[in-house]
Number of protein chains: 2
Amino acid sequence: MVTIKDIAKLANVSHTTVSRALNNSPLIKEPTKRKILEIAAQLNYTPNFNAKSLVMQKSHTIGLFFTSISDGTSASFLAETIKGVNHVIGQEYNLYVRGIDDYKEYSSINNQRFDGIILMSQSVSDNPFIYHVKQMKIPLVVLNREIEDDKIINIISDDKVGSRQAVEYLLQQGHTNIALIEGREGFKSAQQRKEGYLTALIEENVSINKAYSVEGNYDMESGYNKMEQLLSLEKPPTAVFCSNDDMAIGAINAIFASGLNVPNDISVVGFDDIGFAQYTNPRLTTVKRPVEQISFMGAEKILSLIQTKNVSGETILVNTELIFRDSVRKIK
Amino acid sequence: MVTIKDIAKLANVSHTTVSRALNNSPLIKEPTKRKILEIAAQLNYTPNFNAKSLVMQKSHTIGLFFTSISDGTSASFLAETIKGVNHVIGQEYNLYVRGIDDYKEYSSINNQRFDGIILMSQSVSDNPFIYHVKQMKIPLVVLNREIEDDKIINIISDDKVGSRQAVEYLLQQGHTNIALIEGREGFKSAQQRKEGYLTALIEENVSINKAYSVEGNYDMESGYNKMEQLLSLEKPPTAVFCSNDDMAIGAINAIFASGLNVPNDISVVGFDDIGFAQYTNPRLTTVKRPVEQISFMGAEKILSLIQTKNVSGETILVNTELIFRDSVRKIK
DNA sequence: ATCAATAATGTTCACGTTAACATTTCTAGA
DNA sequence: TCTAGAAATGTTAACGTGAACATTATTGAT
C-alpha cells in the first residue's frame, strides 16, 4: 500500500508537505502541490482512513439504527430510510446499518466508532440506547418517534393528526362503526395513531366501541387475522382504519376471503403510503408518511451536527397527507 | 476516552500486559488478567478500533454493495439481503451498505477499508467494480448473478430453470399465448428469466410471438404500462409471465383496469415471491427466490474467506421453487 | 544590500494499539 | 543454595496520518 511517505520520497519533500498538499492547504505553493497531486494519482494513492481517524479522532462513520431490522420494520420502510440517508451522505462518510436488538450491551457504540448516529426509533425500548448515545456524547438525530428531550434533534411526522384526518374522512363519508387495527404494542407510532383515531371519534361525538380496537403488529398477517376477528363480531364495522399499509393489505384480503367486498361492504384506510398502496385492489386510500424525506432531513441534520457543534435541539414536524384512492365508500 | 495506558497505570503494569490480558493471551497470569479485566470493566473501557485496525491492517468492516440502491432494487430485495447478512456477521464486523452507482471511481474501495465485500450483483455493469475489488485483493463473494470466473465465490439462484418451470406450468394449464414482461435491460436476471421462458416454449414447440415479449424495468409502474401494451395487441395473450413480482402486481392492476379479470381472462405469474405476493388479489402464483438464504450463505462465505484464506472459488446454486396460488387458470 | 516579515517547507511528536525483542521473576532439578 | 530454563512482564518501535513547533527561503521596504 502506498503511503504519503512514498509520495514524499518521490517528490523530494517531507511527508507533512504531502499531507498538506493532499488536504489542499494554502501553505503549499501551487507547483509543489501540483507535482504531489500528480505523483499521488500516478501511484493510485488512497488515504488510510484508520490512521486518519486515529489522529483526527474521527471515524468517518455514521450509524443508522433501527429498533429492530427484522421485527416490526417493513421492507419498504427500511429501504426508503436507507435511500434517504444514502442520498445525503457522500463518500466522506460510511453508512453503518443495524438493529438495536442486535446488541446485548452498547459498549461498542462510542464516539471512536461513530461520528454521528441516526436513530429511526420505533419504540420506547430504544430509550436506553438513546441514553447511552447521549452519554457518549455522540451527535444524535432521532427520527420517527417523539422524544421528550429538547436537546435532541427530533424529526417526526405528526401521526396523530394524520390518523385523525383519516378517521374524520371516514366519518364524513357517513361511517360511524369504524374499527381500528392497532400497530405493534409498545411502538409510539401505534399509540399516536390510536390517539388520532380516538380524537376524531370523540370530537364528532361518536361512541367508542371497545371491541372495534384490535391489536396488530404491523405485518400483513396480523392485519389479516385481526380483520377476521372484526368480521366475526356481531355487528362488524363498516370501515377499518389500519395503523399501517401492510396491515391494511392483510385486512383487505381477509374481507375478500370472507366473501365481502372493499369498499362496497367495508371501507379500509391505511397509513404510510408504501409503494404498493396504489397497486392494491382496490387502490388503497391511506395517509402518506414522508419516510424518505424524514431520513433525508435527518441525514442533513446529523452532518451539520457533526461539522458545527452548535446546532441546537429541535423538534421538526413533517406533514402527513391523506391520499384519496378507492378503498373507501360513501354510505347512507 | 480511556485507553489501555490508563488501565496500565491503575493496574501497575505495562500497557502491553494490558493489551495481552484483554486479548486473553496465555502469557499473562490468571490473577493479573482478572485484575486488569476488572479495572477495564470498571472504567468502561472500549478498544479503539482505528488504532487496532491501523496496526493490524484490518478494517473490521464488510461492505455490502448493490448495483444501485435506488434504481432497480426493490424494497423487499434490499431489506431481505440486509437481514440475511446482518444475521450472520456479529459485532466483530461493521456492515456498510452502498450502491455501486454512488461511486464515480473506486479508489476508496481498498483493503484498508474493507476486510471483505459482498456484492449483490444485478448487472454486467458491475464488472469493473468486480475487477477493481479483485485487483485490490479484497475477499469477495458475488451473489445473485453468475460470474465467469472460477476463482470467485458465486452464489446464485437458477433463474433460468425457475422461469422455465413457471412457463411450463402455464403450458400445462393449456395456455399457448404466453407473454413475457422482461426485467430491466442489462440485468443478468432479466436475461436469464427470458431464456427460461424461451426454452420452455421451444421445448414444447410453441411458436414464439415477438410481440409478446415486452421490456419492463422491474418496477410496478413498468409492469402496468407494459401490460397495457400487451392488452392493446390484436390478439392479447391469455397468460403473462412477469420477470418479478412487482411488475406482476402492476400487470394485474392493468388487467383489472381494462375491465378484464385475473385469472379468468388472463393468468399472471411472477418471480421472487415477495411478502406481498400472498396478499395480492388474487394471490400471486410466483417463483420463489430465496434471497435471504443467498445473503445468509454469502455472509458466511465472506467470513470464512476473511479468516482462512484458503477457501477456493465455487459456484453455489440455490433452488427456486414454484409457488402455486390463485393467479393462474386452466383453460380449454 | 540589509533586515524584517512572511511564505514555504521540514522535524518531531502524538494518536492507541500490537509485536518484536529485552528483561525480570519464578520454578525445578542438582 | 544455585542455576538453567521457562514463565511473566516490560521496553521500544511501528502502523499512517496530522499538528505544533522549528527552520529555511522568499519578498519587499529601506
Side-chain angles (χ1 to χ4, degrees), chain A residues 1-37 39-40 43-61 92 94 107-108 110-115 136 307, chain B residues 1-40 43-61 92 94 107-108 110-115 136:
Chain A
M1 267 292 133
V2 30
T3 73
I4 53 171
K5 289 187 180 173
D6 300 324
I7 299 174
K9 258 181 216 146
L10 285 174
N12 237 325
V13 294
S14 75
H15 78 272
T16 313
T17 301
V18 174
S19 171
R20 286 197 267 249
L22 291 172
N23 289 309
N24 201 20
S25 153
L27 287 172
I28 306 296
K29 263 203 292 199
E30 264 312 320
T32 319
K33 210 180 270 186
R34 259 203 306 281
K35 188 169 77 178
I36 290 173
L37 254 42
I39 296 176
L43 295 185
N44 237 317
Y45 167 80
T46 57
N48 183 319
F49 270 69
N50 289 318
K52 229 170 162 146
S53 299
L54 179 59
V55 68
M56 297 185 80
Q57 320 257 50
K58 283 196 70 179
S59 66
H60 297 274
T61 297
E92 270 304 283
N94 277 105
S107 62
S108 66
N110 54 48
N111 42 20
Q112 291 155 358
R113 286 182 93 168
F114 295 102
D115 285 353
M136 284 292 183
Q307 274 145 28
Chain B
M1 267 294 131
V2 30
T3 73
I4 53 171
K5 288 187 180 172
D6 300 323
I7 300 174
K9 259 181 216 146
L10 286 174
N12 237 324
V13 295
S14 76
H15 72 275
T16 310
T17 302
V18 175
S19 171
R20 286 197 267 248
L22 291 172
N23 289 309
N24 201 18
S25 154
L27 287 172
I28 306 296
K29 263 204 291 200
E30 264 312 319
T32 319
K33 209 180 270 187
R34 259 203 307 281
K35 187 170 77 177
I36 290 173
L37 253 44
E38 201 174 301
I39 296 176
L43 295 185
N44 237 317
Y45 166 80
T46 56
N48 183 319
F49 271 69
N50 290 317
K52 228 169 161 148
S53 298
L54 179 59
V55 68
M56 297 184 79
Q57 321 257 49
K58 282 196 72 182
S59 66
H60 296 274
T61 297
E92 270 303 283
N94 281 2
S107 62
S108 66
N110 55 48
N111 42 18
Q112 290 157 357
R113 287 183 93 168
F114 295 102
D115 284 354
M136 284 292 182

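Just so it is clear, the structure is predicted and the values come from calculations on it, not from any experiment. FYI, side chains are in, hydrogens and waters are out, and symmetry mates aren't considered; it's all heavy atoms of this structure. Just so it is clear: chains get the letters A, B, ... in the order the sequence lines come, proteins before strands, and each one is counted from 1.
- Across all their heavy atoms, A:Ala21 and A:Leu37 have their closest contact at O-CD1, 3.9 Å.
- For the segment residues 17-34 of chain B, residues with any heavy atom less than 4.0 angstrom from an atom of DNA chain C are, sorted by number, B:Ser19, B:Asn23.
- By the side-chain hydrogen bond (donor to acceptor under 3.5 Å, both in side chains) test, B:Arg113 pairs with A:Asn94, sequence neighbours left out.
- Pairs passing the salt bridge (charged side-chain N to carboxylate O under 4.0 Å, His left out) check and including a residue from residues 8-18 of chain A, sequence neighbours excluded, do not occur.
- Rounded to the nearest 0.5 angstrom, B:Ile36 CD1 and B:Asn12 CG are separated by 10.5 Å.
- Within the structure, the side chain to side chain donor-acceptor pair (under 3.5 Å) test picks out the following pairs touching residues 44-55 of chain A (sequence neighbours left out): A:Thr46-B:Asn110.
- Residues that satisfy the side-chain hydrogen bond (donor to acceptor under 3.5 Å, both in side chains) test with A:Lys58, not counting sequence neighbours, are A:Tyr93.
- Residues forming a side-chain hydrogen bond (donor to acceptor under 3.5 Å, both in side chains) with A:Ser59 (at least two apart in sequence, or on another chain): A:Asp115.
- With rounding to the nearest 0.5 Å, the separation of OG1 in B:Thr3 from CD in A:Gln112 is 9.5 Å.
- Interface residues of residues 4-16 of chain B facing DNA chain C, ordered by number: B:Ile4, B:Lys5, B:His15, B:Thr16; criterion, heavy-atom separation under 4.0 Å.
- Taking 4.0 Å as the cutoff to heavy atoms of chain B, we find the contact window on DNA chain D bounded by D:dA8 to D:dG16.
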Atom pairs and distances, donor-acceptor, side-chain atoms in residues 26-33 of chain A, under 3.5 Å, two or more places apart:
{"unit_1": "A:Lys33", "atom_1": "NZ", "unit_2": "A:Asn24", "atom_2": "OD1", "d": "3.1"}
{"unit_1": "A:Lys33", "atom_1": "NZ", "unit_2": "A:Ser25", "atom_2": "O", "d": "3.0"}

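- Side-chain contact between B:Asn111 and A:Met1: present, with at least one pair of heavy atoms (C-beta onward) separated by less than 4.5 Å.
- Bending across the helix from C:dA1-D:dT30 to C:dA30-D:dT1, expressed as the angle between its end axes from five pairs apiece, amounts to 50° (10° rounding).
- For DNA chain D, the neighbouring residues in residues 47-61 of chain B, judged by any heavy atom under 4.0 Å, are B:Leu54, B:Val55.
- If you check the side chains of B:Thr17 and B:Ser14, you find a donor sitting under 3.5 Å from an acceptor.
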Verdict with supporting geometry, A:Val18 and A:Ile39, side chain to side chain contact (heavy atoms under 4.5 Å, CB included): CA-CA 10 Å; A:Val18 174; A:Ile39 296 176; over 6 Å; no
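- The ring-ring contact (aromatic ring centres under 6.0 Å, His included) search around B:His60 returns B:Phe49, not counting sequence neighbours.
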